[in-house]
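See below for the structure under consideration.
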Amino acid sequence: MADQNALFEFLLRMGDNSLILGHRVSEWCGHAPVLEEDIALANTALDLIGQTQMWLGLAGEVEGKGRTADDLAFLRDAWDFRNLLLCELPNGDFGRTLMRQFLYDAWSSIMLARLIGSSDPRVAEIAAKASKEVAYHVERSGDTVVGLGDGTEESHQRMQAALDYLWPYVGEMFDGDAVDTAMVKAGIAPDPASLREEYDALVGRVLTQATLTNPTDTFHHKGGRTGYMHTEHLGHLLTSMQWLQRAYPGATW
Amino acid sequence: MYAQLVKTAGTGVKTRAEMSDEERNFQDRIDRDEKIEPKDWMPDDYRATLIRQIGQHAHSEIVGQLPEGNWITRAPTLERKAILLAKVQDEAGHGLYLYCAAETLGVTRDELTEELLSGRMKYSSIFNYPTLNWADIGAVGWLVDGAAIMNQVPLQRTSYGPYSRAMIRICKEESFHQRQGYDIMMKMAQGTDAQRKMAQNALNRFWYPSLMMFGPSDKDSVHSAQSLAWKIKIDTNDELRQKFVDQTVPQAKYLGLTIPDEHLKWNEERGAHDFSEPDWSEFFNVIKGKGPCNIDRMKDRVAAWEDGAWVRDGLLAHARKKSAARTAAE
C-alpha cells in the first residue's frame with residue numbers, strides 16, 4: 001500500500017492546481033474581449049472547479065480526518081496549498097491568461113494521460129474524466145496562442161511578453177521530490193521529469209506556429225507544489241475565495 | 001422583463017382601411033398565429049421595434065453577467081461556485097442566441113454593441129442594482145430570473161420565428177436558474193441568524209426593482225397596443241406584474257421572509273394580491289443612468305470591449321492570413 005501521506009500530498013497538488021487556476025479564470029466573468037471568449041472562459045473555469053471537487057474529495061478521503069473538498073479549499077492557509085506557482089499568477093491581459101492556460105493545459109493533458117494508467121483506480125478514474133475536458137482545453141488555448149501570436153504586430157508582442165513573463169514558472173512542473181518518488185514506487189503517478197520531453201515537443205510545436213520565440217533560459221521559480229514559498233498573490237486570492245466560510249464558520253450554504 | 005420601455009416604431013395601430021395590401025396580408029398572418037421568418041415581407045416599423053426589443057434583451061443578458069460575476073470569486077462552496085459559473089455561462093449563451101436572432105433582421109452584433117456602449121440602447125434596469133451579500137445571488141435567481149421567466153414564457157409564442165425559437169431555448173435554462181436561486185434562499189432562510197438576515201436584506205433590496213422589471217403601467221400606451229397587435233408583446237406589463245406578485249408571495253411565506261410592503265394583502269374579490277407600486281421616479285432615474293451601478297456597469301463593458309480590441313484584431317488578422325495561405329495553395 002502506498003504511503004498515504006504522500007498520496008494525500010500528491011492529490012492536493014492536483015486539486016490545488018485546478019482550484020487556483022479555475023478561480024483565476026473565473027475572475028474574467030463578464031469582462032472578456034468577445035462573447036464567445038466569455039463563454040469559453042466560464043466553461044474552462046467550470047471544468048477546473050469540477051476537477052477540484054474530485055481531486056480534493058479524494059484527498060480528504062485518503063487523509064481520513066473527515067475533511068471534505070470544501071474544507072480543504074476554504075479552510076487552509078496559503079502555506080498548505082500545493083499548486084504550481086504558475087496557477088496563482090494574476091491574469092494580466094487576455095494574452096497572458098491564455099498563454100498561462102496553454103502552458104498549464106499542455107502539462108495537464110500529458111499528466112492526465114499518464115494517470116489514466118495509475119495503479120490506484122480512484123486516481124485513474126478521475127484522470128479519465130478530466131482528460132476528456134483537458135483535451136478540449138489544450139486545443140482551444142493552443143489555437144488561441146497561435147491566432148494571437150501570428151495575428152497583428154501588437155498581438156504578437158503581447159503574446160511574446162506573456163510567454164517571457166510566464167516561462168520561469170514552467171520548470172516547476174517537472175521538479176520531483178520524495179512525494180513523487182513514493183508515487184512512482186507505488187505506480188500511482190509518473191516521475192514529473194519524465195513528462196518534459198513530450199511537453200517541450202507539444203509546446204514547441206504550438207509556439208513555432210504562433211511565430212513566438214521560446215525562451216532559452218532554464219532558470220525557474222519554485223515553491224508552489226511543495227508549499228515552501230508561494231507568491232504574494234496567493235494570499236489575496238484566498239482572502240476573497242475563503243471569505244464567507246471564514247466570516248461565518250459552521251454555516252451551511 | 002429584460003426589455004423595458006421599448007419604444008414601438010410607427011404612429012400606432014392602423015385600421016384595416018389605413019393599411020396597404022402588404023400590411024393587411026402581414027397582419028392576417030399574425031392573426032392566424034403564423035410565424036414571420038427573416039425573408040418574409042414585414043413592415044419597417046415591425047423590424048425596427050424587434051431590433052430594439054431583441055437588442056435590449058441581449059444587452060441585458062450581457063450586462064447581467066456582472067452582478068452575478070461579482071460573487072463567483074466569493075461563492076461559499078465549490079458546488080455553489082460551479083453552479084454560478086454554469087449559470088453565468090448560460091446568460092452569455094442567451095446573449096449569443098439573441099444577437100443571432102437580431103442579426104436575421106439585418107443588424108450586426110458589433111453594431112448593436114456600439115449602440116449599447118454609446119448609451120443609445122439600454123439594458124434592463126435591474127442590473128444597475130448591486131449584489132451585496134451572498135443571498136443576493138439567491139434573490140437574483142428567485143426574483144429577477146422569476147420575473148424574466150414571467151415575461152419570456154409568453155414570448156415563446158411571439159410572432160417572429162427566430163425570436164420565438166430563441167425564447168423556447170432560453171426559458172428551459174431560466175427555469176433551472178430560478179430553481180437554483182430559490183435553493184440558495186432556502187439554505188439561507190433555514191440557516192444561521194446571520195444567513196436569515198442576509199436573505200431578508202436581499203429581499204428588501206430586490207423586491208421593488210424586480211417589480212420595475214415589467215416596466216411602468218402600459219394602459220395608456222399607444223406603442224404598447226401596436227406591439228400587442230403585432231404579437232411582439234403578448235401580455236401587458238400590469239398583467240405580468242400581478243402574476244409575478246401572486247406567484248412570489250407564497251414562496252416568500254414558505255421561506256419565512258417578509259415582503260417589504262405593508263399594503264400587500266390578498267383581495268378576495270379580485271382573486272389577486274393588492275400591492276404597492278414601486279417608486280417610478282427611481283425607475284426613471286435608473287433608466288436615465290442614475291441607478292446605483294449604471295456608471296460602473298458601463299465602465300466595465302466599455303473596458304472589456306476596448307481592452308479586447310487587440311484580441312479581436314489579432315484573431316481576425318490570423319484568420320485572414322490562414323485563408324490567404326489556403327487560397328494561394330489552391
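Letters go in sequence order (proteins before strands), and every chain restarts at 1.
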Top contributor to chain A interface from B:Gly308, B:Ala317, B:Ala304, B:Pro76 [non-hydrogen pairs under 4.5 Å]: B:Pro76
Aromatic contact, B:Trp310 with A:Phe94 (centres under 6.0 Å): no
Contact leader toward chain A among B:Lys322, B:Arg301, B:Met188, where contacts are heavy-atom pairs under 4.5 Å: B:Arg301
Side chain / backbone / both / neither for B:Val88 at chain A, heavy atoms under 4.5 Å: side chain
Under 4.5 Å from a heavy atom of chain A, the part of B:Glu91 involved: neither
Max heavy-atom pair count under 4.5 Å with chain B, selected residue of A:Leu148, A:Thr52, A:Thr239: A:Leu148
Proximal component of A:Leu48, with respect to chain B [non-hydrogen, under 4.5 Å]: neither
Proximity breakdown for A:Asn43 and chain B, heavy-atom pairs closer than 4.5 Å: both
Cation-aromatic face contact B:Arg205/B:Tyr129, 6.0 Å, 45 degrees: no
Interchain contact, B:Thr192 with chain A, by part (heavy-atom threshold 4.5 Å): side chain
Under-4.0 Å salt bridge between A:Arg225 and A:Glu9: no
Side chain, backbone, both or neither of A:Ala73 within contact of chain B (heavy atoms, under 4.5 Å): side chain
Salt-bridge present (B:Asp193, B:Arg196; N to O < 4.0 Å): yes
For chain B, the option from A:Trp28, A:Phe74, A:Trp243 that forms the most heavy-atom pairs under 4.5 Å: A:Phe74
Under 4.5 Å from any heavy atom of chain A - which part of B:Ile184: neither
Distance-only donor-acceptor check, side chains B:Gln178 and B:Trp142, under 3.5 Å: no
Cation-pi, A:Phe81 ring and A:Arg76 (6.0 angstrom, 45 degrees): yes
B:Arg169/B:Glu173 salt bridge by N-O under 4.0 Å criterion: no
Spacing of CG belonging to B:Leu257 relative to CG belonging to B:Asn204, to within rounding of 0.5 Å: 9.0 Å
Top contributor to chain A interface from B:Leu78, B:Asn133, B:Leu85, B:Asp300 [non-hydrogen pairs under 4.5 Å]: B:Leu78
Residue B:Asp313 versus chain A: region with a heavy atom under 4.5 Å: both
Engaged part of B:Leu315 at the chain A interface, taking heavy atoms whose separation is under 4.5 Å: both
Leading residue by heavy atom contact count with chain A [cutoff under 4.5 Å; candidates B:Ile72, B:Leu66, B:Thr77]: B:Thr77
Modelled atom types, side-chain donor and acceptor of A:Asp150 and A:His156, under 3.5 Å: no
Contact winner vs chain A - B:Glu68, B:Met198, B:Arg320, B:Glu306, heavy-atom pairs under 4.5 Å: B:Met198
Region of B:Ala309 in contact with chain A, defined by heavy-atom distances below 4.5 Å: neither
Note: A:Arg158-A:Glu154 ion pair, threshold 4.0 Å (strictly below): yes
Heavy-atom pairs under 4.5 Å with chain B, option from A:Gln242, A:Glu36, A:Glu27 with the top count: A:Glu36
Check: B:Tyr99 ring centre within less than 6.0 Å of B:His57 ring centre: no
Side chain / backbone / both / neither for B:Arg74 at chain A, heavy atoms under 4.5 Å: both
Distance in Å, A:Asn83 CG paired with A:Leu21 CG, rounded so as to fall on 0.5 Å steps: 9.5 Å
Best-contacting candidate, B:Ala303, B:Gly69, B:Ala92, against chain A by heavy atom pairs under 4.5 angstrom: B:Ala92
Exercise: do A:Asp105 and A:Ser141 side chains pair donor with acceptor under 3.5 Å: yes
Interchain contact, A:Gln245 with chain B, by part (heavy-atom threshold 4.5 Å): side chain
